[in-house]
Engineer: 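To start, I am sharing the structure in question, which I have written as structure tokens.
Just so we're on the same page: letters track the sequence lines, and every chain starts at 1. Keep in mind that the numbers below use all heavy atoms, side chains included, and drop hydrogens, waters and symmetry copies.
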There are 2 protein chains.
Amino acid sequence: MITLSASEELQYLVDFDLLSKLVVGIGEVSDITGVPTRQIRYWEDKGILQSTKEAEGATRKYDYLSVKKILLIKELLDDGYTLDAAAKKVEARMKNVNEAFMKLAKPTKDEG
Amino acid sequence: MITLSASEELQYLVDFDLLSKLVVGIGEVSDITGVPTRQIRYWEDKGILQSTKEAEGATRKYDYLSVKKILLIKELLDDGYTLDAAAKKVEARMKNVNEAFMKLAKPTKDEG
DNA sequence: ACAACAATTGTAGTTTAGTTACAATTAGTG
DNA sequence: CACTAATTGTAACTAAACTACAATTGTTGT
């Protein structure tokens, strides 16, 4: 039996380069999070979220981290936080994860 | 400094329950993999791929593992394999990863 | 060369998903 | 109740995806 280090096991199982490219539509995000599409657009208009919308009229796409963020904001709202406060808190809370992703999502040759 | 085990670090960084729900449209898959949408549908018609298409006329969605599979098949095709041979080889090659995902993608309470 | 099969590609016409840009409504606070 | 925060509704439009035909291109054996 071979024992792998944490980061070895991680990279063996999850292709972060691919993961970072897995962007889903707003309807899918709504299904996953339970937050209505209308509300997701509203949050985005307020500057709380960023989607990968490249041009006017183009469809919004959300990556793993954005969806995670929406889930966390929703939790805090249910807890009684205001939207701005929730957004701020989540921003801080996700800082570590964001950084880890940046490092891991660098393009690499596929290893299966 | 706190040291985490492999699976602890993994679960801290990646929410597999969420990851398993991140399903992308066929256009996105085409962008990611470089395989034309027409070809993806063809592979699916042949039974080599499975999308989460729930009804006739509904749009196909692909999860992480499906996209990974497409990437691997494409590689083998470029290498000279026939489609069927490539599909078979990839099936075997992904068995471990598939199993690991099944275990990890069980719904859990969100931990940030 | 050519038959036979594997693999891919083209596209017209239709459906589904997502967009904007208005405005209206609901909830909380001094 | 005035004021702001937060959400919601929807009409008219655009983008993305679907099916179901058929045609084309590549490979292999005789």
Engineer: Is any side-chain heavy atom of B/D63 closer than 4.5 Å to one of B/T52?
Structural biologist: no

Engineer: What's the separation between atom CD in A/Q39 and atom CH2 in A/W43, rounded to the nearest 0.5 Å?
Structural biologist: 5.0 Å

Engineer: Round to the nearest Å and state the distance from B/D31 atom CG to D/dA15 atom P.
Structural biologist: 16 Å

Engineer: In this structure, how many angstroms lie between the P atom of C/dT20 and the CD1 atom of A/I40, rounded?
Structural biologist: 14 Å

Engineer: Output the rounded distance in Å from OH (A/Y62) to P (C/dG18).
Structural biologist: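 It is 10 Å, rounded to the nearest whole Å.
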
Engineer: From the list D/dT19, C/dT9, D/dT7, which nucleotide is the closest neighbour of the side chain of A/W43?
Structural biologist: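 Selected nucleotide (nearest to the side chain): D/dT7.
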
Engineer: Side chain of B/Y42, heavy atoms from C-beta onward: which of C/dT9, C/dG18, D/dA6 has the nearest atom to it?
Structural biologist: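 Between C/dT9, C/dG18, D/dA6, the one nearest the side chain of B/Y42 would be C/dT9.
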
Engineer: Checking all strands, does B/L77 fall into the base, sugar-phosphate, or nothing category for heavy-atom contacts under 4.0 angstrom?
Structural biologist: sugar-phosphate

Engineer: Can you check the A/E28 CD to C/dG18 P distance for me, whole Å?
Structural biologist: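 Rounded to whole Å, this separation is 8 Å.
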
Engineer: Taking the side chain of A/L83 as its heavy atoms from C-beta onward, which of C/dG18, C/dA7, D/dA6 lies nearest to it?
Structural biologist: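 The nucleotide sitting nearest to the side chain is D/dA6.
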
Engineer: When the nearest nucleotide of DNA chain C is assigned to B/D84 and to B/T59 on a heavy-atom basis, which residue is associated with the more 5' position?
Structural biologist: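 Nearest-nucleotide comparison on DNA chain C picks B/D84.
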
Engineer: Kindly point out which of D/dA6, C/dT9, D/dC18 is positioned nearest to the side chain of A/K46?
Structural biologist: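 The nucleotide sitting nearest to the side chain is D/dA6.
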
Engineer: Think A/R60 has a side-chain N or O under 4.0 angstrom from the OP1 or OP2 of C/dG18?
Structural biologist: no

Engineer: For A/R41 and C/dC22, what is the distance between atoms CZ and P respectively, to the nearest whole Å?
Structural biologist: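 One finds 16 Å between P of C/dC22 and CZ of A/R41, rounded.
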
Engineer: Using the rule that two of Ile, Leu, Val, Met, Phe, Trp, Tyr join whenever any of their side-chain heavy atoms come within less than 4.5 Å, decide whether B/I26 and B/L65 are in one cluster.
Structural biologist: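 Yes; B/L65 is reachable from B/I26 via cluster members.
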
Engineer: B/T82 has a side chain; which of C/dA7, D/dA22, C/dC22 sits nearest to it?
Structural biologist: C/dA7

Engineer: Just say parallel, tilted or perpendicular for the rings of B/F101 and B/Y64, cut-offs at 30° and 60°.
Structural biologist: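 Taking B/Y64 first and then B/F101, their aromatic rings lie parallel (interplane angle under 30°).
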
Engineer: Of the listed nucleotides (C/dC22, D/dC18, D/dT7), which one gets closest to any side-chain atom of A/Q39?
Structural biologist: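 The answer is D/dT7, which lies nearest to the side chain.
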
Engineer: Run the side chain to side chain donor-acceptor pair (under 3.5 Å) check on A/S51 and A/E44 step by step: do they pass?
Structural biologist: CA-CA 8 Å; A/S51 71; A/E44 193 164 343; 2.4 Å; yes

Engineer: Checking all strands, does B/K53 fall into the base, sugar-phosphate, or nothing category for heavy-atom contacts under 4.0 angstrom?
Structural biologist: sugar-phosphate

Engineer: Side chain of A/R38 only, heavy atoms from C-beta on: which candidate in D/dT8, D/dA17, C/dT8 is closest?
Structural biologist: D/dT8

Engineer: Grab the CG-P distance between A/D45 and D/dA5 for me, whole Å please.
Structural biologist: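 From A/D45 CG to D/dA5 P: 15 Å.
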
Engineer: With respect to the side chain of A/I26, which nucleotide from C/dG18, D/dC18, C/dA23 is positioned closest?
Structural biologist: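 For A/I26, the side-chain atoms sit closest to C/dG18.
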
Engineer: If I take atom CG in residue B/L49 and atom P in nucleotide C/dT8, what distance separates them, rounded to the nearest angstrom?
Structural biologist: 11 Å

Engineer: Just the rounded figure in Å: distance from C1' of C/dT15 to CD of B/E54.
Structural biologist: 16 Å

